[in-house]
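Just below is one structure, and these are the notes that go with it.
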Amino acid sequence: SVDFCFFDLEESGLVGSKAYVRQFGDWRFHLGMINLDIEGTGNELYVGPTGGGDDYFLMPFVRQTAKNMRIKLQERDTYPESDYKSFATARLENISISVVPKGDSDNLVTMVKNGGKSEPGKVPKVMRVMHTPNDGSKEVTPEALKLSYDFTKTLLLLLNATGKKY
């Protein structure tokens with residue numbers, strides 16, 4: 001089965017995802033969490049954090065999906081704090097996928113590694129709007145949403161084809 005979740009209060013301490021993990025985070029029944037965050041603008045596919053040991057199962061499928069769709073994947077070992085963290089803390093398989101403007105993957109990684117501060121001239125474009133009064137649907141593009149949808153759908157179908165059962 002697949003649970004589609006919309007977590008609340010991420011910015012207030014990951015409240016929704018922590019509650020979900022407490023209630024349903026049994027590793028014996030958990031295949032993986034695919035976190036869609038920072039979506040809706042741009043055309044660069046940013047995936048992370050990779051290599052921490054909690055993406056061992058999912059990442060080959062993410063890579064194969066990108067290959068099948070002929071999409072260049074921006075894999076990074078760093079990702080802004082998001083709901084994936086609740087799953088990672090519980091040692092549950094997870095990965096985060098974003099669709100961002102070109103160059104934002106590197107700029108977001110730098111910002112995270114610098115404790116939330118961007119280098120001069122390298123402020124991620126998404127951070128100029130995200131969590132500001134200007135954050136709204138007028139910033140979302142149909143192309144970015146389609147990329148996110150198509151990638152996620154293809155990834156889920158590929159995972160389903162493995163026949164892995166819990």
Side-chain angles (χ1 to χ4, degrees), residues 2-21 30-52 54-55 57-88 92-113 116 118 122-160:
V2 176
D3 290 347
F4 289 93
C5 303
F6 298 88
F7 297 122
D8 197 12
L9 301 171
E10 176 195 48
E11 290 80 9
S12 301
L14 310 172
V15 175
S17 57
K18 283 180 181 177
Y20 182 89
V21 168
H30 177 85
L31 181 64
M33 186 271 229
I34 301 167
N35 182 45
L36 302 177
D37 198 357
I38 314 175
E39 299 283 325
T41 182
N43 61 0
E44 186 170 273
L45 203 63
Y46 167 34
V47 177
T50 59
D54 54 9
D55 61 349
F57 176 74
L58 286 174
M59 275 312 296
F61 292 96
V62 170
R63 290 180 189 115
Q64 187 62 49
T65 300
K67 183 178 177 182
N68 291 354
M69 294 180 68
R70 294 184 173 96
I71 296 172
K72 184 176 180 198
L73 194 60
Q74 302 294 328
E75 281 186 48
R76 301 293 188 270
D77 64 354
T78 303
Y79 191 88
E81 184 152 311
S82 182
D83 287 306
Y84 79 87
K85 195 85 166 176
S86 300
F87 291 78
L92 294 170
E93 183 84 14
N94 70 86
I95 196 66
S96 293
I97 301 171
S98 295
V99 176
V100 298
K102 187 167 180 57
D104 264 13
S105 299
D106 291 331
N107 292 338
L108 283 163
V109 167
T110 299
M111 185 188 79
V112 171
K113 288 183 177 181
S118 297
K122 294 192 175 185
V123 175
K125 292 175 187 152
V126 294
M127 296 310 293
R128 297 176 191 162
V129 175
M130 196 166 76
H131 303 306
T132 73
N134 298 324
D135 195 349
S137 60
K138 68 183 182 307
E139 301 296 326
V140 174
T141 67
E143 297 82 14
L145 290 179
K146 182 168 178 14
L147 174 58
S148 178
Y149 170 80
D150 289 344
F151 189 83
T152 304
K153 175 185 168 190
T154 304
L155 174 58
L156 289 172
L157 290 171
L158 192 59
L159 284 165
N160 186 58

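Hydrogens, waters and symmetry mates are skipped; everything else that's a heavy atom, side chains included, is used. Along the sequence shown, residues are numbered consecutively beginning with 1. On a predicted model such as this, the values are computed, not experimentally measured, just so you know.
A 4.5 Å side-chain heavy-atom check between Pro80 and Ile38 finds at least one atom pair inside the cut-off. In this structure, the side chains of Asp83 and Met33 come closer than 4.5 Å at one or more pairs of heavy atoms. At a threshold of 4.5 Å between non-hydrogen side-chain atoms, the residues Phe87 and Asp54 do not count as touching. Inter-residue side-chain proximity for Leu155 and Ile97 is flagged as met; some heavy-atom pair is nearer than 4.5 Å.
Scanning all heavy atoms of the two residues, the minimum distance from Thr78 to Tyr46 falls at O-OH, 2.7 Å. Heavy-atom minimum distance, Asp104 versus Val126: OD2-N, 3.0 Å. Across Val123 and Asn107, no two heavy atoms sit closer than the pair O-ND2, 4.4 Å. Considering every non-hydrogen atom in both Phe57 and Glu93, the closest pair reads N-OE2, 2.7 Å. The two residues Ser17 and Ser86 come nearest to each other via the heavy atoms OG-OG, 2.7 Å. Residues Cys5 and Tyr20 approach most closely at SG-CE1, 3.5 Å, considering heavy atoms.
When the options Ser105, Ser96, Ser98 are evaluated for a side chain to side chain donor-acceptor pair (under 3.5 Å) with Tyr79, the one that passes is Ser98.
The backbone N or O of Ser82 lies less than 3.5 Å from no partner atom in the side chain of Asn35, so there is not a single donor-acceptor pair. Using a distance-only test at 3.5 Å, with no hydrogens or angles considered, no donor-acceptor pair links the side chain of Asn160 to the main chain of Leu156. The closest donor-acceptor contact from the side chain of Lys18 to the backbone of Gly13 lies under 3.5 Å. Distance alone, capped at 3.5 Å, places no donor-acceptor pair between the Ser148 side chain and the Ala144 backbone. Thr50 contributes a side-chain N or O that, together with a main-chain N or O of Arg76, makes up a donor-acceptor pair within less than 3.5 Å. Listed for the Asn94 side chain is a donor-acceptor partner under 3.5 Å among the backbone atoms of Leu92. Here the side chain of Gln74 pairs no donor or acceptor atom with the backbone of Glu44 at under 3.5 angstrom.
Atom-to-atom distance recorded for Gln64:CD and Leu158:CG is 6.5 Å, nearest 0.5 angstrom. Rounded to the nearest 0.5 Å, atoms CG (Leu157) and OG1 (Thr152) are 11.0 Å apart. A distance of 10.5 Å separates CG of Asp150 from CG of Leu145, quoted to the nearest 0.5 Å. The CG atom of Leu58 sits 11.0 Å away from atom CZ of Arg63, with the distance rounded to the nearest 0.5 Å. Remark: Leu108 CG to Met127 CE distance equals 7.0 Å, nearest 0.5 Å. Of the inter-residue distances, the one linking Tyr84 atom OH with Leu14 atom CG reads 9.0 Å to the nearest 0.5 angstrom.
Lys72 NZ: 12 or fewer foreign heavy atoms inside a 6.0 Å radius.
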Could you give me the CA-CA distance, side-chain angles and deciding distance for Asp55 and Val47, then say whether side chain to side chain contact (heavy atoms under 4.5 Å, CB included) is met?
CA-CA 11 Å; Asp55 61 349; Val47 177; over 6 Å; no
Using the side chain to side chain contact (heavy atoms under 4.5 Å, CB included) rule, take Val21 and Lys85 through it: C-alpha gap first, then chi angles, then the decisive distance, then the call.
CA-CA 10 Å; Val21 168; Lys85 195 85 166 176; over 6 Å; no
Between Ile95 and Met59, does a side chain to side chain contact (heavy atoms under 4.5 Å, CB included) hold up when you go through it step by step?
CA-CA 8 Å; Ile95 196 66; Met59 275 312 296; 3.6 Å; yes
